[in-house]
Protein chains: 2
Amino acid sequence: MPRIRHTALDCSPGCAVEATLELIDGKWKGVILYHLLEGTLRFNAIRKRLPNVTQRMLTMQLRELERDGFLLRTVYPQVPPRVEYSLTERGRSLEPVIMALKRWGDRHTTFGRSTAVAEAAQ
Amino acid sequence: MPRIRHTALDCSPGCAVEATLELIDGKWKGVILYHLLEGTLRFNAIRKRLPNVTQRMLTMQLRELERDGFLLRTVYPQVPPRVEYSLTERGRSLEPVIMALKRWGDRHTTFGRSTAVAEAAQ
DNA sequence: GCCCATAGTATCGGAAATGATACCGTCATG
DNA sequence: CATGACGGTATCATTTCCGATACTATGGGC
């Protein structure tokens, strides 16, 4: 998605939908947020959960999430370096959104079909 | 977002999140779906609600949503033409997702601040 | 002295998404 | 006979995103 989508956020009620989408858009942000809901993770730990992300992209996505206030980046002055990422309160406030996305995906995508029965049984 | 993000959807639980995001991504899909939740709309009616969309983009986004099974395109053989767009059942199944996005946006974005109090009072 | 681990940067290039603009068909109205 | 309404297409240019690859710093272990 483009960066500056709403110079003026005066486009009727539906705009809040786009405004939120804009923030969690980016090729990996959704999954990153999802994994961080489980707890703090180091850079390479996140990388392991996203087998196809390049180092460059992961760094970029994390920086944007940090810039938008969703996560905290903690650098420990060690060698080799140790950097931990954890959700802020604002980041955790996205949980309903992330989980809604996940539930829908589980139930309606090919990937999710395998778990569809279990989910439906809730 | 890129089109083919998940050639293999085998990337751990968080993948469902991305799979869903992929489908409702596109610069205007979120808002379009939101407005169609209220009912059937004609092409130009949607256009009026999205002041900044170009005709080309609106057509493209609608076609993709149709292709993905979220909406139905009904053409009435009249002159001037009349085309109506309405959500399918699959489209309506996105309601929880769309509304989660909207609620978050209302409460956490600058645009949404004005309605934040009313929302909080729910 | 060399290599490894961690968490990055820098640079280049291609692909994809979006924007701008112009054009189309047909009937009703003026 | 020209104009406008409606729902589009076609073409081109630009912006933005993303991948591949190479490079960096530093301390510890061999």
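Each chain gets a letter, A, B and so on, in the order its sequence line appears, and its residues count up from 1.
Phosphate contact (OP1/OP2 of C:dG19, side-chain N/O of B:Lys27, threshold under 4.0 Å): present. Between B:Arg42 and D:dG7 there is a side-chain N or O to OP1 or OP2 distance below 4.0 Å. Under 4.0 angstrom from either OP1 or OP2 of C:dA7 there lies at least one side-chain N or O belonging to A:Asn44.
By the side chain to side chain donor-acceptor pair (under 3.5 Å) test, A:Ser93 is found to be paired with B:Trp104, residues two or more places apart in sequence or in another chain being considered. Remark: A:Arg73 engages A:Tyr85 in a side chain to side chain donor-acceptor pair (under 3.5 Å) (not counting sequence neighbours). Applying the side-chain contact (heavy atoms from CB on, under 4.5 Å) test to B:Arg47 and every residue at least two apart in sequence or in another chain returns B:Phe43, B:Asn44, B:Val53, B:Gln55, B:Leu58. Checked against side chain to side chain donor-acceptor pair (under 3.5 Å), A:Arg82 has the following partners two or more places apart in sequence or in another chain: A:Glu84.
Within a heavy-atom distance below 4.0 Å of DNA chain D, the residues of residues 74-83 of chain A found are A:Val79.
Residue pairs that meet the salt bridge (charged side-chain N to carboxylate O under 4.0 Å, His left out) test with at least one member in residues 92-101 of chain B, sequence neighbours left out, do not exist here.
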Return the polar atom pairs (N/O with N/O) between nucleotides 10-13 of chain C and the protein under 3.5 Å, or none.
| from | atom 1 | to | atom 2 | distance (Å) |
| --- | --- | --- | --- | --- |
| C:dT11 | O4 | A:Arg56 | NH1 | 3.4 |

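Counting non-hydrogen atoms under 4.0 angstrom, B:Arg47 reaches nothing in the nucleic acid. Counting any heavy atom pair closer than 4.0 Å across all strands shown, B:Arg63 reaches sugar-phosphate atoms only and no base atom.
Heavy-atom neighbours of B:Glu89 CD from other residues, nucleotides or ligands within 6.0 Å: at or below the threshold of 12.
Atom CG of residue B:Leu21 and atom NZ of residue A:Lys102 lie 13.0 Å apart, to the nearest 0.5 angstrom.
Ion pairing between B:Lys29 and B:Asp25 fails under the 4.0 Å rule for side-chain N and carboxylate O.
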